[in-house]
Amino acid sequence: MPRGEHNGSSRSGAPRRTTPRPRGAAGDAFRWGRPLSRRTMTDLPDKTTAFMDWYLAVVEAANLTDKRYPVKGLNVWTAYGFRARRNLDAVLVREIEATGSEAVEFPALIPATEFAKEKEHIKGFDAEVYWVTKGGLSDLDVPLVLRPTSETAMYPVFALWIRSHRDLPLNVYQIVNSFRYETKTTRPFVRVREIHFFEEHTCQANEAHATERVRSNLGAFRKMADAFALPYLAIRRPDWDKFPGAFYTVALDSPLGGARTLQLGSIHHYRENFSRPYAIQYEAADGSQQFVHQTTFGLSERLLGAIVAVHGDAKGAVFSSAIAPYQVVVIPILGSDVGEAPLRVAEDVAARLRRHGYRAHLDAGDDRPGAKFYRWEQAGVPLRLEVGRREAEARSATSVDRLGTKGRVALDRLEGEVADRLAEFDRALRARADAAFAASFSVARSLAELAGSTRVRIVAWCGSEACGHQIESGIDGALLGTPEDALPIDPGAPGPCIGCGGTESTRWALAGQPL
RNA sequence: GGGACUGUGGGGUAGCUUGGUCCAUCCUUCGGGGUUCGGGACUCCGAGACGCCAGUUCAAAUCUGGCCAGUCCCA
């Protein structure tokens with residue numbers, strides 16, 4: 001569960017409103033108009049000094065969601081944003097299925113009786129579930145919970161599915177909407193009440209196999225993150241911050257500048273914590289009855305938020321080619337004296353790219369070229385191809401990628417050259433993100449040094465909860481936990497715990513301010 | 001859970017202190033016309049708002065109360 005709260009800071013200078021004006025009462029001020037289609041924004045707030053304002057403005061400028069739906073925390077996916085989401089999901093599906101997981105889908109409503117079976121779990125979610133208590137005009141005998149996550153929907157059925165060791169492992173996932181009644185300020189993608197949720201649930205024969213599944217999930221996520229060009233750190237959460245009901249939780253966190261971090265997803269090892277209350281057991285080869293060990297792996301549209309937050313810049317959003325709604329936008333440069341040739345060539349370019357499987361968009365609208373350039377840059381399109389009179393005559397197109405690299409593409413080698421440019425762009429994007437990632441961490445040698453941190457801090461920690469909370473108040477954030485992999489910078493061996501000064505079993509831990 | 005603040009066209013805003021000159025300002029957006037088109041064009045015409053309910057008053061965007069919605073701070 002993410003904790004902490006970022007305070008949207010003010011734009012400097014101008015007495016402009018720093019947060020979007022709240023809407024009026026639900027249902028009256030809202031207009032069911034079609035989404036703004038050509039929305040642009042002349043200037044974005046500064047990413048470093050007004051991060052949250054910047055983020056909200058980029059999401060709006062890129063037209064990824066329409067947040068004007070009259071229920072807090074429920075956002076409308078626009079056509080453009082939905083494309084990004086589908087591409088993102090395709091990456092998740094590809095990588096999880098490569099590890100032998102299969103898609104299933106369970107119902108959205110969970111009987112209160114099932115929901116209540118695991119004590120820690122219900123304690124963790126009690127305060128943030130939506131209840132369905134009526135069917136038509138009459139009260140339901142057993143109230144239903146709108147799933148905040150699907151353990152309690154799936155596990156009674158897993159108990160029916162699993163009889164023998166031959167039924168194991170059971171590796172299934174679903175991508176469904178889940179609901180959590182967030183009480184804090186909601187933000188597009190990063191804190192919502194209707195969550196577009198990827199959740200894998202597995203049952204393994206024993207703890208070792210479950211641990212292996214966690215490792216496999218970490219490997220799958222590395223490939224997913226590669227497709228998004230997204231650096232991150234896998235961090236084992238401290239006990240007081242693990243998923244309700246879990247044995248342990250490994251979270252995937254990305255730094256967002258300053259001490260800010262965003263949890264992209266998490267992988268949980270449940271041991272027998274759920275299989276016992278839900279009686280998920282199997283007959284082993286030796287005839288004994290055993291409880292399964294379970295794991296889960298959860299991701300959401302937060303990934304999209306992270307992608308916007310990490311890659312976005314002063315010009316707007318930036319998408320890697322794997323998830324870009326449009327990978328290429330083709331812009332004809334028209335004019336009264338140039339005839340139809342540039343338009344014809346541009347049409348041909350877009351059609352050819354589409355035939356070869358690219359997501360290519362032709363922008364032949366009436367706006368001037370400069371306006372189109374700005375718009376598609378804000379929208380994060382990786383590659384722009386311009387075709388004017390000069391290009392039409394030379395059978396070429398001018399290419400400009402979202403990071404500003406310019407070039408020329410010969411039309412007879414169009415598809416190959418576009419592939420090269422996109423690959424080059426993806427590499428450059430990853431390099432830029434990696435550089436920012438590496439610069440996001442620094443070591444803090446004492447509690448006092450944590451105050452006013454402008455980086456995610458690496459601290460020596462003895463593992464005790466008391467010291468953990470001291471560190472948390474020191475940074476006014478959270479102790480994220482201990483890294484599963486190598487730290488991004490090498491701080492040497494950890495010294496004494498910065499909380500108690502103890503040297504016993506002290507490890508490096510990370511502390512930051514989760515969004 | 002406690003406290004503070006804020007609601008004006010699709011988005012952002014001016015006006016509110018001191019009620020009237022406001023059938024509400026500006027930017028943007030949207031629809032239409034014309035001239036344009038190699039980095040946010042110009043121009044003409046048109047569309048679009050005072051969160052809801054009540055009260056005070058000759059008169060309410062402006063004052064009062066309630067409600068709703070939202071934001072922030074603290075637990």
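All figures in this text were calculated on a predicted structure; none of them were measured in a lab. Atom set for the values below is all heavy atoms of this structure, side chains included, hydrogens, waters and symmetry mates excluded. Here is how names work: the chains are called A, B, and so on, in the same order as the sequence lines, proteins then strands, and each is numbered from 1.
When rounded to the nearest whole Å, the span between NZ of A:K67 and C1' of B:G11 equals 9 Å. Rounded to whole angstrom, the span from the CG atom of A:L44 across to the P atom of B:G12 amounts to 15 Å. Remark: C1' of B:G11 and CG of A:D53 are 15 Å apart, rounded to the nearest angstrom. Atom-to-atom, NZ of A:K372 to P of B:A41 comes out at 11 Å; the value is rounded to the nearest Å. Atom pair A:D363:CG and B:G40:C1' shows a separation of 14 Å (rounding to whole Å applied). Straight-line distance from the OH atom of A:Y69 to the C1' atom of B:G70: 17 Å, rounded to whole Å.
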Check against ring-ring contact (aromatic ring centres under 6.0 Å, His included), A:F425 and A:F319: CA-CA 10 Å; A:F425 165 78; A:F319 290 110; over 10 Å; no
From CA spacing to verdict: side-chain hydrogen bond (donor to acceptor under 3.5 Å, both in side chains), A:T152, A:E118: CA-CA 8 Å; A:T152 59; A:E118 207 290 323; over 6 Å; no
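Annotation: B:G70 and B:G11 have their P atoms spaced 15 Å apart (nearest Å). To the nearest whole angstrom, the two C1' atoms, one in B:C50 and one in B:C22, are 11 Å apart. One P atom belongs to B:U25, the other to B:G15, and the distance between them is 14 Å to the nearest Å. A gap of 14 Å separates the P atoms of B:G51 and B:G12, to the nearest Å. Nucleotides B:U28 and B:G40 place their C1' atoms 12 Å apart, quoted to the nearest Å. For the P atoms, the distance from B:C16 to B:C53 is 25 Å, rounded to whole Å. Taking atom C1' in both B:A59 and B:C44, the straight-line distance is 38 Å, to the nearest Å. If you take atom C1' in B:U6 and the same atom in B:C45, they sit 37 Å apart, rounded to whole Å.
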Please list every donor-acceptor pair under 3.5 Å in which a side-chain atom of residues 326-339 of chain A meets a protein atom from a residue at least two apart or in another chain.
residue	atom	partner	partner atom	Å
A:Q327	OE1	A:R359	N	2.7
A:Q327	NE2	A:S321	O	3.1

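In this structure, B:C22 makes no Watson-Crick or G-U wobble pair, since no nucleotide meets both defining distances under 3.5 angstrom. With a cut-off of 3.5 Å on both Watson-Crick or G-U wobble distances, the partner of B:A14 is given as none. Across all strands shown, B:C5 forms a Watson-Crick or G-U wobble pair, both distances under 3.5 Å, with B:G70. Base pairing annotation: B:G38 forms no Watson-Crick or G-U wobble pair, as no partner gives both donor-acceptor distances under 3.5 Å. If you check B:G48 for Watson-Crick or wobble pairing at under 3.5 angstrom, you find it has no partner at all. In this entry B:G55 has B:C63 as its Watson-Crick or G-U wobble partner, both defining distances falling under 3.5 Å.
Relative orientation of the A:W376 and A:Y80 rings is tilted, given thresholds of 30° and 60° on the angle between their planes. Between A:H121 and A:F125, the angle of the ring planes lies from 30° to 60°, which puts this pair in the tilted group.
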Taking only nitrogen or oxygen atoms into account, show me every contact under 3.5 Å that the protein makes with nucleotides 33-38 of chain B, one pair per line with its distance.
residue	atom	partner	partner atom	Å
B:U36	O2'	A:R368	NH1	3.3
B:C37	OP2	A:S336	OG	3.4
B:C37	O2'	A:L334	O	2.4
B:G38	OP1	A:R368	NH2	2.9
B:G38	O6	A:R389	N	2.8
B:G38	O6	A:R390	N	3.0
B:G38	O6	A:E391	OE1	3.1
B:G38	N1	A:E391	OE1	2.7
B:G38	N1	A:E391	OE2	3.1
B:G38	N2	A:E386	OE1	3.2
B:G38	N2	A:E391	OE2	2.7

Protein-nucleic acid N or O pairs under 3.5 Å, nucleotides 1-4 of chain B:
none

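Atom CZ of A:R354 has more than 12 heavy atoms from other residues, nucleotides or ligands within 6.0 Å.
Every residue meeting the side-chain contact (heavy atoms from CB on, under 4.5 Å) condition with A:P111, not counting sequence neighbours, appears here in chain and number order: A:T113, A:E114, A:V142, A:L144. A:Y130 pairs by the side-chain contact (heavy atoms from CB on, under 4.5 Å) definition with A:L146, A:F179, A:Y181, A:R193, not counting sequence neighbours.
The base of B:G39 lies outside donor-acceptor range of the side chain of A:R375, with no N or O pair under 3.5 Å. With hydrogens and angles left out, the side chain of A:E377 and the base of B:G40 share no donor-acceptor pair within 3.5 Å.
For A:Q378, taking side-chain heavy atoms from C-beta onward, the closest of the listed nucleotides B:G40, B:U71, B:G39 is B:G40.
Of the inter-residue distances, the one linking A:L353 atom CG with A:L414 atom CG reads 4.5 Å to the nearest 0.5 angstrom. Remark: A:R147 CZ to A:E199 CD distance equals 7.0 Å, nearest 0.5 Å.
The salt bridge (Lys or Arg N to Asp or Glu O under 4.0 Å) analysis of residues 444-471 of chain A, with sequence neighbours excluded, yields the pairs A:E449-A:R457.
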